[in-house]
Protein chains: 2
Amino acid sequence: MFTNSVKYALKAVLFLAVHSGEERKIMVKDIAEPINVPKAYIAKLLQELSKQEIISSTRGVKGGFYLTESNLKQPVLNVIYAIDGTYRMNSCLLSLESCNEYKPCPLHHIVSPMRSKLIESLKEKTLEDLSIEIQSGLSYLPL
Amino acid sequence: MFTNSVKYALKAVLFLAVHSGEERKIMVKDIAEPINVPKAYIAKLLQELSKQEIISSTRGVKGGFYLTESNLKQPVLNVIYAIDGTYRMNSCLLSLESCNEYKPCPLHHIVSPMRSKLIESLKEKTLEDLSIEIQSGLSYLPL
DNA sequence: TCTTAAATATGATAATTATCATATTCTTAT
DNA sequence: ATAAGAATATGATAATTATCATATTTAAGA
Ligand code: FES
Ligand code: FES
């Protein structure tokens, strides 16, 4: 469904959502280990997310990655789009072009409503929402 | 969501569902062109599907690929599993291990119900069902 | 201002997936 | 039997994705 990169990015961002803050910046190596993702790999992804202002960072001594209040308000979908682009989630299952209501492929009626719902949910849920669920013990992060 | 291989395989199988029969075998080249997939690529996929008895084939003069009545009764999901394996559809979105109700990842509550529904639908719908929909003009094949 | 510790930019390598090519085997009809 | 037309088996190449590595830039503190 998603690429490995998106999965890793989501894990990292959610980890930051739970553990970081403007006063609690976290370095790559302290993110990589608990979420169980290769350090160099997650570093690259974090840099990209930072460049796209999905997450925040400062360099140098005492630097690291973190989420601002504003970052926390973002929908989960932002992370996905930032890494994979929008195409993957929205393209038709059978043709490789965009999904078309007027000339639906044979799987459209099965797949499209669910995809719409999924995207809607990922747009509604913010990083903060998920962070709260994790902290309430309704879901688990490291796995 | 699915790999390119699965998409191609589905297109080919549905093409066969609509156009072939025990008395109407179709050769690779006559499948590849209308579904707009490279011949050598789809050939390999068709061979694999044939080996797994998702579709039928005979070689030699007058040979080709086709679907028997029994083939037509199969759920769409069979095609997907035959090419991609079962893992891809069933694994957790965030960890790379299997999805777990008792220790759900932060996206589980959003994603899991929809995935279950999707799998259910793909299990219920047979190739014949989709073929009929195409023939009724409810959906379109080549795209 | 200089040293140090961090992210950033850039790119190299490995693994997987997608694509292409061809010699072999089987089936039908001559 | 044998010639021809098809799938089959096998493997090679290309493109994309995943992974790793490192030199450069920036910020903080001595
Ligand atoms: S047209 Fe194929 S999924 Fe919508
Ligand atoms: S535990 Fe992650 S999707 Fe179910």
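Chain letters run A, B, ... following the sequence lines, proteins first, then strands; residues in each count from 1. Hydrogens, waters and symmetry mates are skipped; everything else that's a heavy atom, side chains included, is used. Small disclaimer: the values here were computed from a predicted structure and weren't measured.
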When you match B:G60 and B:E48 each to their closest nucleotide on DNA chain D, which lands nearer the 5' end?
-> B:G60

Taking the six-membered ring of B:Y140, is NZ or CZ of A:K103 closer than 6.0 Å to its centre and within 45° of its axis?
-> yes

Nucleotide nearest A:S50 (side chain, heavy atoms from C-beta), chosen from C:dC20, C:dT8, D:dA7 = C:dT8

Considering only NZ, NE, NH1 and NH2 on the basic side and carboxylate oxygens on the acidic side, decide whether B:K125 and B:E133 come within less than 4.0 Å.
-> yes

Assess the side chains of A:Y41 and A:S5: does a donor N or O sit below 3.5 Å from an acceptor N or O?
-> yes

Would you kindly give the OH-to-P distance between B:Y66 and D:dA6, to the nearest whole Å?
-> 16 Å

Think A:T3 has a side-chain N or O under 4.0 angstrom from the OP1 or OP2 of D:dT17?
-> no

Minimum-distance nucleotide (side-chain atoms of A:A40 versus C:dT4, D:dC20, C:dA21) | D:dC20

Proximity to the side chain of B:Y41 - top-ranked nucleotide from D:dA7, C:dT19, D:dG5 | C:dT19

On the ring face of A:Y66, is A:K25 found with NZ or CZ under 6.0 Å from the centre and within 45° of the axis?
-> yes

Measure the distance from NZ on A:K44 to C1' on D:dC20 and round it to the nearest whole Å.
-> 9 Å

Can you tell me the distance, in whole Å, between the CG atom of B:L16 and the P atom of D:dA7?
-> 11 Å

Do the side-chain N or O atoms of A:T58 get closer than 4.0 angstrom to the phosphate oxygens (OP1, OP2) of C:dA6?
-> no

How many Å lie between CD on B:Q47 and P on D:dT10, as a whole number?
-> 11 Å

In whole angstrom, give the distance that lies between atom CG of A:N4 and atom C1' of C:dT17.
-> 14 Å

Between atom NZ in B:K11 and atom P in C:dA18, what is the gap in whole Å?
-> 14 Å

Could you check how far NZ of B:K25 sits from C1' of D:dT8, rounded to whole Å?
-> 16 Å

Strictly by modelled atom types, are B:N90 and B:Y81 linked by a side-chain donor-acceptor pair under 3.5 Å?
-> yes

Between A:S5 and A:R59, which has a closest nucleotide on DNA chain D that is more 5'?
-> A:S5

Hey, which of these two, A:K51 or A:K62, hits DNA chain C nearer its 5' end, going by closest nucleotide?
-> A:K62

Is the phosphate of D:dA6, meaning OP1 or OP2, less than 4.0 Å from a side-chain N or O of B:S57?
-> no

d(CD1, A:I55; C1', C:dA6) in whole Å | 14 Å

Just compare C:dA21, C:dT19, C:dA7 and give me whichever is closest to any side-chain atom of A:M27.
-> C:dA7

